[in-house]
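What follows is a single structure, written as structure tokens, with notes after it.
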Amino acid sequence: QAQFVEAGGGLVQPGGSLRLSCAASGFTVDSYAIAWFRQAPGKEREGVSCISSSDTNTYYEVFAKGRFTMSRDNAKNTVYLQMNSLTPEDTAVYYCAASTLCGWPLESFRYWGQGTPVTVSS
């Protein structure tokens with residue numbers, strides 16, 4: 001079954017950092033645009049960042065710009081999200097998913113994993 005497996009979440013203090021990983025199985029990440037999403041308790045899932053299939057472009061939501069960095073390692077078939085200067089507002093379950101192009105509707109993304117929870121708290 002093709003899917004992502006997210007890892008790297010945990011409890012971190014405000015101002016801290018985490019590096020999330022998302023390992024793909026059953027498909028190759030370099031064939032897709034890959035996006036990170038997050039869903040906070042009681043809120044809808046929202047996009048965080050997206051990297052195009054060609055690695056030409058990486059997009060970030062406003063709240064992620066300057067703090068988060070997304071990267072892809074095709075040899076490991078894995079994508080990463082380096083998150084710095086975390087705040088309690090970043091508390092959420094983080095997911096990755098694949099689509100044809102960044103910017104396509106949420107419904108077009110597939111291969112969802114179980115997500116990895118991130119809690120930012122003192």
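The residues of the chain are indexed from 1 along the displayed sequence.
Counting only residues at least two apart or on different chains, the side chain to side chain donor-acceptor pair (under 3.5 Å) pairs with a member in residues 20-36 are Thr28-Asp30, Thr28-Ser31, Tyr32-Tyr111. Pairs engaging residues 64-76 under the side chain to side chain donor-acceptor pair (under 3.5 Å) rule: Asp55-Arg72, Arg67-Asp90 [sequence neighbours left out].
Side-chain contact between Glu6 and Leu20 is absent, with no heavy atoms from C-beta onward closer than 4.5 Å.
In terms of hydrophobic clustering, with Ile, Leu, Val, Met, Phe, Trp and Tyr side chains grouped at heavy-atom distances under 4.5 Å, Phe68 and Leu18 are assigned to a common cluster. Hydrophobic cluster membership is shared by Met83 and Val120, with clusters built from Ile, Leu, Val, Met, Phe, Trp and Tyr side chains linked at under 4.5 angstrom.
Within a 6.0 Å radius of CD in Glu46, other residues, nucleotides and ligands contribute more than 12 heavy atoms.
A cation-pi arrangement is present between Arg38 and Phe63 under the rule of less than 6.0 angstrom and at most 45 degrees off the ring axis.
Counting only distance, with no hydrogens or angles, the side chain of Ser52 and the backbone of Asn57 share a donor-acceptor pair below 3.5 Å.
Residues meeting the ring pair (Phe, Tyr, Trp, His ring centres under 6.0 Å) test with Tyr80, sequence neighbours left out: none. Looking at residues two or more places apart in sequence or on another chain, you find no salt bridge (Lys or Arg N to Asp or Glu O under 4.0 Å) involving Arg45. Under the side-chain contact (heavy atoms from CB on, under 4.5 Å) criterion, Ala23 pairs with Thr78, sequence neighbours left out. Qualifying salt bridge (Lys or Arg N to Asp or Glu O under 4.0 Å) partners for Glu61, counting only residues two or more places apart in sequence or in other chains: none.
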